[in-house]
Structure formats: C-alpha cells, structure tokens
Chemist: 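Structure incoming, see below.
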Amino acid sequence: MNAVIADRKSRKFRDIENFDLNESNQYFLLPFRFHRVTADKEIIVNEVGDYLILPNGTFEKIVKRQINKQIDAELYGDLIANFFISEEAIPPLIDVLATRYRTKKLFLNYFTGLHIFVISLRCEHTCHYCQVSRVTENKDMFDMSISNIDKGIDIMFKSPNSHLTMEFQGGEALLAFDNIKYAVEKAERIANELGKGLTKVICTNLAIVTEEILEYCKEHKILISTSLDGPQYVHDKNRHKPHASSYELAVKGIELSRKVLGHDQVSALMTTTKLSLDYPIEIVDEYFNLGFQGIFLRNISPYGFALKNDKSKYETEKFLSFYKKALDRILEYNFNGNYFTEDLARIFLTKILTPFNVGFVDLQSPAGLINGVIVFNYDGAVYATDESRMLAEEQDFTFKLGTLNDKYNDLFFGKKAQEISQIWANEGLTGCSECAFQQYCGADPVHNHATQGDMYGYRPTSDFCQKNMEIIRYLIELMESDVRIKKIFERWAKTATH
Ligand code: SF4
C-alpha cells in the first residue's frame with residue numbers, strides 16, 4: 001500500500017501554463033507526417049497522400065496546438081479541409097476520408113493480374129548484367145514444357161482478377177515462339193469461355209524477330225516490350241551479342257514492330273549500368289529521337305548476379321545524380337512543347353497529385369508481389385516476383401512459393417505467402433511507418449532480403465529508401481520552384497490515370 005501512495009505522489013500534473021486553454025486553439029490532430037523538403041520548406045502529408053507545403057517550423061506549431069483559428073485563418077482552414085486537424089474528435093466527414101483511403105488501395109480489390117511465364121531460359125545475347133543468359137540449343141532443359149504451360153494457365157485463370165496479363169519472358173522469349181503460340185491460343189480460348197480480359201506481352205530483345213512473328217502478334221493483339229539501354233555505344237556495351245550489334249537489331253526490330261503492329265504497341269525499357277551513368281542526356285535523346293513518348297530511368301537491381309559484376313555496381317548517389325540530369329533534359333523537351341515523360345516520376349506524381357494509386361509492383365503497399373504479380377519459371381518453380389527467380393538462379397530460394405504442381409491456395413495463401421505478408425505493408429515497417437512519403441512509396445521485401453539479408457529491412461541504410469525518398473523530395477522541390485514544372489507534372493499524372 002505504501003508503495004502505491006509513493007508512486008501516486010511522484011506522478012505530478014504539469015503547471016497550468018503547459019495547457020493552452022484558449023478555445024480557438026482547441027483542435028484534434030488527425031494522422032499525418034512531415035518531412036523537410038528544402039532549407040526553408042517542409043511538407044505535411046495525411047493518410048491519403050494529400051499534402052501541404054509550409055514554412056519550416058509550422059509542423060511543430062500544429063502539433064503544439066499553436067495554430068490559431070482567427071489569426072492563422074487560412075492555414076487553419078487548409079488543415080481542416082485536408083484532414084490534418086479536426087474540431088471534433090471524429091471529424092464529421094470521416095466517411096469521405098475512408099472513401100479516399102479505399103480509392104488509394106483499390107488495387108487490392110483485384111488480386112493477381114500479372115502472370116509472368118519464363119518461357120525459355122535460352123538466349124543468344126550475353127548481357128553483362130544478366131544472370132539468365134544461356135546460349136544453348138538444349139530446348140528440353142531450358143524451355144518451359146507444354147505440361148508446365150498448361151499448369152501455369154490453369155493457375156492463372158483461378159485468379160479472381162477479371163483482367164489478366166500474360167507476359168512471356170526469357171532468356172529470349174522468341175526462341176520458344178512455338179510454345180508462346182500454344183500458350184496464347186489456349187489462354188485466349190479459356191478467357192473467352194470465362195469472359196475475362198487478357199493482355200498478352202512478349203518481352204524480347206527483338207534480335208530474331210521476323211515479319212511473320214509480328215503478323216502473328218498483330219492477329220492475336222500481342223504487345224512487344226523490348227530493351228534499349230541508350231545510344232549504340234552504351235547499348236552494345238551493356239547488351240553484348242556475339243558477332244553482331246544488339247543496338248542495330250533492336251532499332252530495326254522496333255521499326256518493323258511499329259510498322260506491323262502500330263506505333264504504340266511497342267515499348268522499351270532501359271537499365272542503368274555504371275557505363276550509362278555518364279550519358280544521361282544522350283540516353284534521353286535516344287528515346288526521344290526514336291519517337292518514344294517517355295523513358296523509364298531504371299537503376300540496376302543491386303543484387304544477385306549484377307552485384308558480382310563490377311560493370312554494374314554503383315552507389316545510389318551516382319544514380320540520383322544521373323537521374324536528375326536526365327530529368328532536366330526531359331523537362332527541356334516539355335518546355336519546348338513536347339509531351340515526353342519520365343515514368344518513375346509519373347508513378348510518384350500520380351500518387352502525389354491525384355486521388356488514385358498506380359499498380360506498380362515495386363511501389364505498392366501492400367507490396368505487389370503475389371497479390372499483383374506471380375512468376376512461373378521454365379522449370380515449373382513458382383516465384384513471388386521476377387527478382388525472386390533471379391535470386392533463385394543464385395541458389396537463394398527464399399521467395400519460391402512452390403511449384404506448378406501445387407494447389408492455388410497453397411501458392412497464394414500458403415505458409416510462405418503468409419510469412420511474406422507479415423512485412424509487405426510499409427505502414428507497419430519501422431522507418432516507413434513515420435515517413436511522410438509512405439503513401440507515395442511502397443514496400444519491397446525481396447529487395448530488403450537481397451540487399452540487407454532480411455525481408456523486413458533497415459531503412460537508414462536502404463538504397464531503396466534513399467532513392468525513393470530523394471526522388472520524391474526532388475519532384476516536390478521542382479514543383480514548388482517553377483509553376484511551369486508543376487503544370488507539366490500535373491499533365492503527366494493526369495494522363496497516367498487514363
Ligand atoms: S522506404 Fe523510405 S521513403 Fe519509402 S516509405 Fe519507407 S522510409 Fe519512406
């Protein structure tokens with residue numbers, strides 16, 4: 001009993017001056033986070049990604065209840081209207097906030113859409129950053145068998161998603177074109193029977209594409225996604241093809257594909273290697289001059305095979321400096337009246353400037369693996385993402401969900417999927433949970449595992465975090481510094497949602 005009294009005595013109320021009893025400052029705080037954007041500006045972001053840019057120190061005043069309804073009327077009104085504060089413990093328009101939140105997480109309604117079929121591991125290129133290249137004629141060993149294709153298609157159509165995407169990857173997928181034809185025709189028949197939408201994509205370096213292959217793609221509405229790393233002196237060094245120029249074949253293939261399929265049926269992706277870092281302007285110019293409407297500036301996945309190769313490794317700061325120079329060039333094109341986007345920026349800007357989200361696997365929370373994408377490997381293994389199967393090539397099977405012989409529920413809701421799902425939402429990760437950019441960013445357990453040896457990850461030394469945080473901050477800084485840039489970014493975000 002004495003101990004309790006002593007304890008009660010030691011708990012003191014603070015003095016009266018610690019409590020602001022001025023009625024005009026009596027507001028409730030709703031959940032939001034803040035981040036320093038520039039030397040004199042900070043951003044506050046609420047649970048649905050709405051933001052306000054304010055002079056430094058305003059965040060502290062808000063949480064200390066020092067914003068006065070009369071004196072700071074405009075700011076006070078903005079804070080109420082954007083759900084940062086409320087005059088009632090539960091804001092009267094809480095349902096509006098809930099609807100906005102549901103809209104942001106709408107991608108979860110559909111479940112797995114993208115099904116990647118690694119149709120062959122064979123390839124005639126020897127790109128230095130790729131671990132899957134194999135030059136071999138041994139089809140039995142490195143092509144997906146018809147039986148595995150059948151099983152993959154079966155599993156794909158068990159997805160509740162009403163629109164499925166079937167993507168054929170390699171190696172070089174076109175080396176197994178007969179198997180692609182079989183898979184496409186079978187999947188089309190089932191999609192018709194079930195009334196599901198079906199998008200088909202072939203990822204190819206285009207080196208062995210022919211008019212005949214493209215005519216088939218036209219007939220079956222198959223999209224082409226290719227690789228282009230920049231001008232010839234960059235592309236050919238990154239993407240080596242014995243006894244030929246990969247660049248010349250890719251450009252010829254792009255032209256032919258556009259001629260047969262139509263201009264917008266062909267897209268290209270670049271990978272930034274150590275060599276690419278010296279050519280931000282030239283790489284952007286190459287995409288612009290070839291008639292693309294944008295470019296996706298992708299850093300190399302810093303793990304697996306790529307890490308072993310000195311031509312691929314670089315620090316995140318170097319990528320960020322490359323990225324900013326390339327983005328400046330892209331903005332120049334836009335200032336001159338062209339519509340030309342950077343697609344990583346476009347994903348972030350859609351999240352920052354619109355009520356919508358983007359179903360981009362690497363920048364979702366919960367993460368896009370399993371509930372957005374699944375990979376069926378040529379040998380019948382099932383992986384959570386494309387990067388997961390790359391880890392498996394290095395004998396790391398952490399993200400192997402099972403095989404094509406397993407039942408749907410065991411793959412998608414089994415022990416492994418449950419284990420991953422514990423840490424696939426950035427809302428629950430230390431560092432991310434208090435980050436202002438949480439709604440714009442995502443969680444990537446595969447990247448965390450591969451780079452830090454632990455799916456949960458550690459944000460202060462995470463290159464994923466460093467890259468995303470700086471790019472988001474930089475985009476906001478650019479918008480704040482120049483109204484022309486804000487207009488360009490608004491246009492990019494708007495077109496991404498259509
Ligand atoms: S990864 Fe970094 S930038 Fe992204 S939400 Fe987490 S802490 Fe923020």
Side-chain angles (χ1 to χ4, degrees), residues 31-38 41-53 59 84 101 104-105 107-108 296-303 315-317 319-321 323-324 327 342-354 356-369 371-372 384-385 387 420-480 489 493:
F32 67 91
R33 299 165 188 84
F34 86 109
H35 189 90
R36 183 76 45 86
V37 183
T38 59
K41 293 271 171 62
E42 62 195 18
I43 186 171
I44 58 171
V45 187
N46 70 10
E47 282 292 274
V48 292
D50 294 337
Y51 71 92
L52 293 174
I53 306 280
F59 168 77
F84 288 98
Y101 196 81
K104 282 282 178 192
K105 301 288 182 188
F107 60 90
L108 287 174
F296 195 149
L297 298 167
R298 295 191 315 159
N299 61 314
I300 204 158
S301 296
Y303 49 85
E315 293 88 35
T316 307
E317 274 109 36
F319 175 75
L320 288 169
S321 149
Y323 182 89
K324 288 175 186 176
L327 190 61
E342 196 292 300
D343 290 338
L344 180 60
R346 202 144 74 109
I347 292 165
F348 286 133
L349 291 165
T350 306
K351 293 168 176 233
I352 297 170
L353 297 173
T354 79
F356 307 106
N357 209 320
V358 186
F360 182 68
V361 171
D362 299 346
L363 288 171
Q364 278 179 212
S365 176
L369 72 175
N371 59 52
T385 58
E387 289 74 18
I420 299 169
S421 73
Q422 306 283 318
I423 41 81
W424 70 11
N426 66 1
E427 284 88 344
L429 298 179
T430 308
C432 301
S433 63
E434 55 271 27
C435 173
F437 299 151
Q438 180 197 93
Q439 286 302 316
Y440 311 144
C441 192
D444 194 341
V446 182
H447 189 100
N448 293 344
H449 167 81
T451 56
Q452 301 186 310
D454 158 31
M455 282 191 222
Y456 190 93
Y458 178 63
R459 258 46 68 192
T461 55
S462 157
D463 59 311
F464 173 82
C465 176
Q466 189 192 352
K467 183 189 89 178
N468 291 344
M469 197 178 274
E470 178 52 17
I471 292 179
I472 296 169
R473 190 208 63 77
Y474 186 61
L475 293 173
I476 292 166
E477 183 187 349
L478 285 176
M479 280 196 281
E480 282 301 297
F489 283 178

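We count ligands from 1, going down the list as the structure has it; atoms in each ligand are counted the same way. Note that the numbering runs from 1 along the sequence shown for the chain.
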Chemist: So, are Glu470 and Lys324 salt-bridged, with charged N and O less than 4.0 Å apart?
Modeler: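 A salt bridge is present here (some side-chain N lies under 4.0 Å from a carboxylate O).
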Chemist: So if I apply the side chain to side chain contact (heavy atoms under 4.5 Å, CB included) rule between Pro445 and each of Asp454, Thr385, Leu369, which one comes out positive?
Modeler: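 When Asp454, Thr385, Leu369 are each tested with Pro445, the side chain to side chain contact (heavy atoms under 4.5 Å, CB included) holds only for Leu369.
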Chemist: Taking the six-membered ring for Trp, are the ring centroids of Phe296 and Phe360 within less than 6.0 Å of each other?
Modeler: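 Yes; Phe360 has its ring centre under 6.0 Å from that of Phe296.
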Chemist: With atom 4 (Fe) of ligand 1 as the centre, enumerate protein N/O/S atoms below 2.8 Å in chain and residue order.
Modeler: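 Metal shell, protein only: Cys441 SG.
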Chemist: Would you please name every residue forming a salt bridge (Lys or Arg N to Asp or Glu O under 4.0 Å) with Lys41, sequence neighbours left out?
Modeler: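 Checked Lys41 against salt bridge (Lys or Arg N to Asp or Glu O under 4.0 Å); zero matches.
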Chemist: Quick one: side chain to side chain contact (heavy atoms under 4.5 Å, CB included) partners of Thr316, sequence neighbours excluded?
Modeler: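 Checked Thr316 against side chain to side chain contact (heavy atoms under 4.5 Å, CB included); matches are Leu320, Asp463, Gln466, Lys467.
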Chemist: Taking side chain to side chain contact (heavy atoms under 4.5 Å, CB included) as the test, write out the residues that go with Glu315, two or more places apart.
Modeler: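 Glu317, Lys318.
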